[in-house]
Asks: 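Below is the structure I would like to discuss, written out as structure tokens.
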Amino acid sequence: MSSYKDRIRSLYFISQPTFWRMVSSDQLPKNYDFAEVEERWRGTWRDEDHYFDSNSNKPQFVIDTPPPYPTGNFHIGNALNWCYIDFLARYKRMKGFNVMFPQGWDCHGLPTEVKVEELNHITKNDVSREEFRKMCRELTEKNIIQMRLTLRKMAFSIDWSNEYITMMPDYYSKTQLSFLRMLKTGYIYQSEHPVNYCTRCETAIAFAEVAYDERETQLNYFDFHGIEIATTRPELLAACVAVAVHPADERYHFQKGSKLIVPLFGHEVPVVKDEAVDPAFGSGAVMICTFGDKQDVHWWKQHNLGLRKAIDRQGKMTEIAGKYKGMNTTECRNAILADMRSKNILKRQEKLAQRVGTCWRCKTPIEILSERQWFVKIKPDEIQNAAHQITWYPGHMLLRMENWVDQMEWDWCISRQRIFATPIPVWFCKKCGEMVTPADEDLPVDPTMVMPKYACLKCRNREFDGEVDVLDTWMDSSISVLNVTGWDGSGTPPYFPAQIRPQGHDIIRTWAFYTILRSVALTGSKPWEEILINGMVLGEDGFKMSKSRGNIIVPEEILQKYGADALRQWAAMGAATGSDIMFNWNDVIAASRFQTKMWNIARFVLIQLKKEGFDQNAPVTALADRWLLVRLSDTIQQVSTAMECYQFDTALKTIREFAWDTLADNYIELVKGRLYAGDTSRKSALLVLHTAFEAICKMLAPFTPYFAEECYSSLNRDASVHRQPWVSFTYDDEAARIEGNMLVQVAAEIRKYKHDTGRALNAPLGKVTIYTPHTINDEGDTGRTINADIHWRTDTAKLDRVISDIDFNRAVVGPVFRNRAMAFMTAIKALPPEQLINPPETIILEGSEVRIPENSFTPKYSYIEEGAKVDVITIGDVIVTIAKSA
RNA sequence: GGGCUCGUGGUCUAGUCGGUUAUGACGUCGCCCUUACACGGCGGAGGUCGCCGGUUCGAAUCCGGCCGGGCCCA
């Protein structure tokens, strides 16, 4: 079933290569080969062009970029984030800023430790701390190398001279220095305090690392010395330190100082009254244990209760659990329930849906243990204050920060009982316990490997225990901004604060929060002037990408199929800045089609320019030419405005519309006849084509760096678009805007007329007369584009016209007449035709005389043909008559 | 339970400090290979802008309530 179309197409493709070689040696290739182009430019561009210049007197634009975790795979969420960063870095460079786009790597942490254990079939305790660290470092280095390749393919204009790696000595010595500074100023302290603890990872974790999981559990009712208690955690009975009831609960009449005996264990605990007890839950009496949950900690503090540690760091029952000692919590729970049953004190059990805090990494339910840990003081007012001095994009993301800060209850626990992390740089005197810290110039130190250079200041002893705890990785990454702005521990760094922080909304409560906290603590100032939040990337099915759903898309796959520029366009256009964005192959395909279209525009422009170069000073005379310059000027304004407030979707959309609709479909269609014909005004069109095309290249440069470079270099052989200033072209010609719009509309209406009357678009049309209010000089464009014999006239068409309807300008009528607007419109409609054409000054409305506001309505005409000899099209006040062919 | 956010043709999406005919893409249907492009051009069909109520001359847009999704937190 080979149709005519198919046959033509196959012929076309067979003949194409030969045809090509013959005529096109100095022309652009017919197809845009993204793979070839992207690889070629990648090999040509130099890293030095993106270096931050510390000697420059341009205004600085320092970007506090997110250091990714070096997993080895740069995922699509990273890609979105980095695209935003690169759009603004490239834009700001073109705008004349001295831009710093550093690349960091946030190396430390549990995932790498776990991976190393897995790969080497060991556990961290099988080798020395130093050996284990080395294995982690080597794996991380390998992963970084891998990820750098993807970053380069995506054409991110990274300043590689400002790369930082948090596990390297020059970085983590800064982390240690920042620790010592905050220790000195009292922001950091050591204390025994309840902390979230993962017994599988054997480390304390911060609230930000606690995830919540929906689980089903048993609510157990048992007899507690005569009163009924409901608990989900009977294994904590040994840790029971009080029983609490609501003060207004009629069921319980305890005197002040009443005590109860804990079943099975026999220790005595007080009864306390507290408003926070929910009388409707369970039996209305609740046991307080150290610690079942956050509420227990609350009560424990408030009522000054004793401490009973029943669970140790490995999640095993301790000494005070008596015969249950050494069991894990589940074994203990079962054993205690069995014992309760046999003693007949277990009354009943109910199923209960519960949200349980888990370790974000391994999903093990967290325990709250009281431990000696290191903490950073959280001062909510300071943080709120700094957060409010930062401009948030989009604005509502500030609320997330406010809410998070408002509900902070505990200080930030920064110590971890792990290995691959920044060591806490302190020692303790073996004799008197005094804490000793290293001198600044001795950093970095690993206190488990080296000893202080001095004797204990207090007791002159020379033997010390090095701190074995290490720092939370957020302690590393929360000074990223201090690092890139040149902090050396002494006051405010030279480039501080940074201009912008780009990051995802998922880490507002961690990275953004901790960074603000640390900047305020160490410099007294906000860390950045602006923060730009990007959304999460969802799978094509609208769900979060996950292995189990099988909806993961990796950037490498897109790069390979459609190239970096198409992926970057998807990132810009997929959604408004800050919104979550669904991955969509269609958008990537549409992006690559846009490149094809632009490529063909480039070929057209080049072919025309090659015929006879263009004259930079040619007078722009023809209406279509002036019109395009007006539209270009508008486009540049709109795109620039969008870029200034990081609305990348609006910016790229505006560029695409201008290139595709305005330039290709309207303008080129109008002027190609003039270009082919070689009219005198050909030079005018060439100059306009050149101007518009060059401007599009520049505007596309931040979004599609490879493609823009390829196009631009076809115009200017030895120049890079990435070293050009941003477009600043303006052109003001109101008459050209209005008349040009009319011209385009007339051409469109005539095309539609041909379509409706069953003609081919290039079919000749005979005599067409266009009646306009003003004289139009279109240099013959309209006639050629629609293939007709066009006559422009300014006199009145000899047609019978009748008013068919009235267009009201509601923006005028509404405010003037308010609730009488409807009555006004009815009254106008009732006027006789001659008064609609020449309206009176006033009209009678509900008995009173009112002025008719200017521009409040326009009559709509329809025309009666003169002896059926012409077809008539009306466009506003323009009338087009088309002679009917015999 | 609280906070934030979203709900627009089959799908995704723009517009959201009120104003005439609601944007674009993909898909779909029809016509057309015209010296840049069929990876194209032109045209069409397809929407009670989640539901209900209110404010207003006028509501996708503002207000209230409800329903449903997502994120964050208890």
Side-chain angles (χ1 to χ4, degrees), chain A residues 4-6 8-9 11-13 23 27-28 30-32 207-208 210-212 293-295 355 357 394 396-404 406-407 409 504-506 508-509 535-536 538 540 542-544 573-576 578-587 589-608 647 649-650 653-654 656-657 660-661 664-665 668-669 672-673 675-676 689 747-748 750-756 758-763 785 787 806-825 857-858:
Chain A
Y4 173 72
K5 269 187 196 173
D6 291 337
I8 291 290
R9 196 170 300 166
L11 279 173
Y12 177 77
F13 279 114
V23 288
Q27 289 176 4
L28 298 179
K30 192 168 170 73
N31 295 309
Y32 180 73
F207 265 112
V210 177
Y212 292 86
D293 58 19
K294 224 169 124 185
Q295 184 61 45
R355 238 171 233 214
H396 68 83
M397 290 294 178
L398 171 60
L399 279 165
R400 296 209 184 182
M401 176 64 76
E402 289 178 337
N403 292 346
W404 177 247
D406 274 348
Q407 55 95 62
E409 285 186 59
H505 62 62
D506 55 331
I508 287 174
R509 65 195 179 120
M536 300 294 105
L538 309 174
E540 278 198 290
F543 290 99
K544 213 171 181 171
M573 295 270 285
S579 315
D580 287 352
I581 166 171
M582 216 184 278
F583 181 75
N584 187 350
W585 281 108
N586 273 339
D587 290 346
I589 294 165
S592 109
R593 283 206 191 138
F594 171 64
Q595 284 164 204
T596 305
K597 185 70 187 183
M598 266 304 291
W599 188 242
N600 282 299
I601 294 171
R603 292 179 59 225
F604 179 80
V605 172
L606 263 286
I607 289 166
Q608 296 308 322
Q647 290 172 343
D649 58 327
T650 311
K653 197 175 159 189
T654 307
R656 277 201 203 171
E657 276 171 9
W660 204 316
D661 302 346
D665 292 347
I668 292 181
E669 286 305 320
K672 76 209 273 196
L675 288 165
Y676 297 149
L689 270 182
I750 294 176
R751 271 185 216 118
K752 194 178 168 199
Y753 169 82
K754 285 188 175 183
H755 180 268
D756 292 348
R759 281 169 243 226
L761 290 178
N762 58 346
T785 200
N787 196 10
I806 298 163
D807 276 345
F808 287 98
N809 187 346
R810 280 157 219 268
V812 172
V813 175
V816 172
F817 293 100
R818 295 281 154 195
N819 57 359
R820 293 191 302 165
M822 204 61 87
F824 170 77
M825 293 192 280
F857 70 91
T858 349

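In the text below, chain A, chain B and the rest are named by the order of the sequence lines, each starting its count at 1.
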Asks: Using the C1' atom on both, measure B/G47 against B/C42 and round to a whole Å.
Replies: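 One C1' to the other, the span is 24 Å.
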Asks: Among B/C42, B/U5, B/G19, which nucleotide has an atom closest to any side-chain atom of A/Arg751?
Replies: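 Between B/C42, B/U5, B/G19, the one nearest the side chain of A/Arg751 would be B/C42.
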Asks: Looking at A/Gln407 and A/Trp404, would you say the former's side chain and the latter's main chain have a donor-acceptor pair under 3.5 Å?
Replies: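 Present.
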Asks: Under the side chain to side chain contact (heavy atoms under 4.5 Å, CB included) rule, what do A/Leu675 and A/Leu689 come out as? Steps first, then yes or no, please.
Replies: CA-CA 11 Å; A/Leu675 288 165; A/Leu689 270 182; 3.9 Å; yes
Asks: Reading RNA chain B from 5' onward, which residue's closest nucleotide shows up sooner: A/Leu399 or A/Arg810?
Replies: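 Closest to the 5' end, via its nearest nucleotide, is A/Leu399.
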Asks: Which nucleotide, B/C57, B/G41, B/U20, lies nearest any side-chain atom of A/Met822?
Replies: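 Shortest atom-to-atom distance from the side chain points to B/C57.
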Asks: Which is true for A/Ile668 with a 4.0 Å heavy-atom rule: it touches a base, it touches only sugar-phosphate, or it touches nothing?
Replies: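 Base contact.
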Asks: With a 3.5 angstrom cut-off on both distances, give the Watson-Crick or G-U wobble partner of B/G1, or none if there isn't one.
Replies: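 By the stated definition (distances under 3.5 Å), B/C73 pairs with B/G1.
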Asks: For atom P, what is the distance between B/A38 and B/G46, given to the nearest Å?
Replies: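 So the two P atoms sit 31 Å from each other.
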Asks: Please determine if a side-chain N or O atom of A/Tyr32 lies less than 4.0 Å away from the OP1 or OP2 oxygen of B/A36.
Replies: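 It does not, given that no N or O in the side chain of A/Tyr32 lies less than 4.0 Å from OP1 or OP2 of B/A36.
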Asks: Please tell me which of A/Asp661 and A/Ala748 maps to the more 5' nucleotide of RNA chain B, matching each residue to the nucleotide holding its nearest heavy atom.
Replies: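 Result of the comparison: A/Asp661.
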Asks: By the 4.0 Å heavy-atom rule, please label A/Trp585 as base, sugar-phosphate, or nothing.
Replies: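 It contacts nothing in the nucleic acid.
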Asks: Using a 4.0 Å heavy-atom cut-off across all strands, classify A/Ala664 as base, sugar-phosphate, or nothing.
Replies: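 It contacts base atoms.
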Asks: Taking the inter-plane angle between the rings of A/Phe808 and A/Phe857 on a 0 to 90° scale, is it parallel (under 30°), tilted (30 to 60°) or perpendicular (over 60°)?
Replies: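 Ring orientation of A/Phe808 relative to A/Phe857: tilted.
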Asks: Among B/G70, B/G3, B/C37, which nucleotide sits nearest the side chain of A/Arg603?
Replies: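 Among B/G70, B/G3, B/C37, the one nearest the side chain of A/Arg603 is B/C37.
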Asks: With a 4.0 Å cut-off on heavy atoms, is A/Lys597 in touch with a base, just the backbone sugar-phosphate, or nothing at all?
Replies: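 The residue A/Lys597 makes base contact.
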Asks: With a 4.0 Å cut-off on heavy atoms, is A/Gln407 in touch with a base, just the backbone sugar-phosphate, or nothing at all?
Replies: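 Sugar-phosphate contact only.
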Asks: Carefully, step by step, assess A/Asn600 and A/Arg603 under the rule side-chain hydrogen bond (donor to acceptor under 3.5 Å, both in side chains).
Replies: CA-CA 5 Å; A/Asn600 282 299; A/Arg603 292 179 59 225; 3.1 Å; yes
Asks: Tell me: CZ of A/Arg820 to C1' of B/G58, nearest whole Å?
Replies: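 Rounded to whole Å, this separation is 16 Å.
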Asks: Can you check the distance between B/G41 and B/A22, where both ends of the measurement are the P atom (answer in whole Å)?
Replies: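 Per the computed distance, 24 Å lies between those P atoms.
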Asks: Write down the partner of B/G68 under the Watson-Crick or G-U wobble criteria, each distance required to be under 3.5 Å.
Replies: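 Looking at the geometry, B/G68 pairs with B/C6.
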Asks: Closest approach to the side chain of A/Ala590, judged atom by atom: which nucleotide of B/G43, B/A25, B/A36 is it?
Replies: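 So the side chain of A/Ala590 is nearest to B/A25.
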Asks: Students often get this wrong, so: under 4.0 angstrom with heavy atoms, is A/Tyr676 touching a base, only sugar-phosphate, or nothing?
Replies: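 Base, at least one base atom sits under 4.0 Å.
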Asks: So, does A/Lys294 get its side chain near the phosphate of B/A74, meaning an N or O under 4.0 Å from OP1 or OP2?
Replies: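 Checking A/Lys294 against B/A74: at least one side-chain N or O falls below 4.0 Å of OP1 or OP2.
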Asks: Atom CG of A/Asp406 to atom C1' of B/A74: distance rounded to whole Å?
Replies: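 Atom-to-atom, A/Asp406 to B/A74, this comes out as 14 Å.
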Asks: Given the P atoms of B/C71 and B/G64, what is the spacing between them in whole Å?
Replies: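 Here B/C71 and B/G64 have their P atoms 25 Å from each other.
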Asks: Hey, is the side chain of A/Lys754 poking within less than 4.0 Å of OP1 or OP2 on B/G43, counting only N and O atoms?
Replies: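 Checking B/G43 against A/Lys754, no side-chain N or O comes under 4.0 Å of OP1 or OP2.
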Asks: From the list B/A36, B/C39, B/C57, which nucleotide is the closest neighbour of the side chain of A/Asn819?
Replies: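 Closest nucleotide to the A/Asn819 side chain: B/C57.
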Asks: Between B/C17 and B/U61, how many Å separate the two C1' atoms, rounded to a whole number?
Replies: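 Pairwise C1' distance, B/C17 against B/U61, rounds to 10 Å.
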Asks: Parallel, tilted or perpendicular for A/Phe824 and A/Phe817, by the 30°/60° rule?
Replies: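 Judged by the thresholds at 30° and 60°, the geometry between A/Phe824 and A/Phe817 is parallel.
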Asks: If you compare every side-chain N and O of A/Lys30 against the phosphate oxygens of B/C37 (OP1, OP2), does one of them come in below 4.0 Å?
Replies: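 True: A/Lys30 side-chain N/O within range (under 4.0 Å) of B/C37 OP1/OP2.
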Asks: Please measure how far the C1' atom in B/A59 lies from the corresponding atom in B/G19, and state the result in whole Å.
Replies: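 Between the two C1' atoms, the distance is 10 Å.
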Asks: Choosing from B/G43, B/C37, B/C12, which nucleotide comes nearest the side chain of A/Lys752?
Replies: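 When the side chain of A/Lys752 is considered, B/G43 is the closest of B/G43, B/C37, B/C12.
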Asks: When you compare B/C26 with B/U13, how far apart are their P atoms, in angstrom units rounded to a whole number?
Replies: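 My reading of the P atoms in B/C26 and B/U13 gives 16 Å.
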Asks: How would you list, by chain and number, every residue that makes a salt bridge (charged side-chain N to carboxylate O under 4.0 Å, His left out) with A/Lys653, sequence neighbours excluded?
Replies: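 Not a single residue meets the salt bridge (charged side-chain N to carboxylate O under 4.0 Å, His left out) criterion with A/Lys653.
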Asks: Using 0.5 Å steps for rounding, measure from the CG atom of A/Asn787 to the CD1 atom of A/Ile750.
Replies: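 Rounded to the nearest 0.5 Å, the CG-CD1 separation comes out at 11.5 Å.
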Asks: What is the distance from CH2 of A/Trp660 to C1' of B/A36, rounded to the nearest Å?
Replies: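 These atoms are roughly 13 Å apart.
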Asks: Rounded to whole angstrom units, what separation is found between the CZ atom of A/Arg400 and the P atom of B/C72?
Replies: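 From A/Arg400 CZ to B/C72 P: 8 Å.
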Asks: When you get a sec, tell me which of B/A36, B/C39, B/U5 is the closest nucleotide to the side chain of A/Arg593?
Replies: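 Between B/A36, B/C39, B/U5, the one nearest the side chain of A/Arg593 would be B/C39.
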Asks: Any idea which of B/G3, B/A36, B/C57 is nearest the A/Lys672 side chain?
Replies: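 My answer, after comparing the listed nucleotides, is B/A36.
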Asks: Rounding to a whole Å, what distance do you find between A/Ile607:CD1 and B/C37:P?
Replies: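 Answer to the nearest Å: 7 Å.
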Asks: Would you kindly give the CD-to-P distance between A/Glu657 and B/A25, to the nearest whole Å?
Replies: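 Checked: the CD to P distance equals 8 Å.
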Asks: Counting heavy atoms from C-beta on, name the nucleotide in B/C26, B/A36, B/G40 closest to the side chain of A/Asn586.
Replies: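 Closest of the options to the side chain of A/Asn586: B/C26.
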Asks: Give A/Asp665 one of three labels, base, sugar-phosphate or nothing, depending on what nucleic acid heavy atoms sit under 4.0 Å from its own.
Replies: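 Answer is sugar-phosphate: A/Asp665 comes under 4.0 Å of backbone atoms only.
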Asks: In this structure, how many angstroms lie between the C1' atom of B/A25 and the CG atom of A/Asn584, rounded?
Replies: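 In whole Å, B/A25 C1' and A/Asn584 CG are 9 Å from each other.
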Asks: Which value, in whole Å, describes the distance between the P atoms of nucleotides B/U8 and B/G50?
Replies: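 Between the two P atoms, the distance is 6 Å.
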Asks: Find the distance between OG1 (A/Thr596) and NZ (A/Lys30) and round it off to the nearest 0.5 Å.
Replies: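 Between atom OG1 of A/Thr596 and atom NZ of A/Lys30 there are 11.5 Å.
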Asks: Taking atom P of B/A38 as reference, at what distance in whole Å does atom CG of A/Asn600 sit?
Replies: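 Between P of B/A38 and CG of A/Asn600: 7 Å.
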Asks: Evaluate the side-chain proximity of A/Arg810 to A/Met825: yes if any heavy-atom separation is below 4.5 Å, no if none is.
Replies: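 Yes, close enough: below the 4.5 Å cut-off.
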Asks: Answer with yes or no whether A/His755 presents, from its side chain, a donor or acceptor under 3.5 Å of a partner atom in the base of B/G30.
Replies: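 When only heavy-atom distances are counted, A/His755 does reach the base of B/G30 through a donor-acceptor pair under 3.5 Å.
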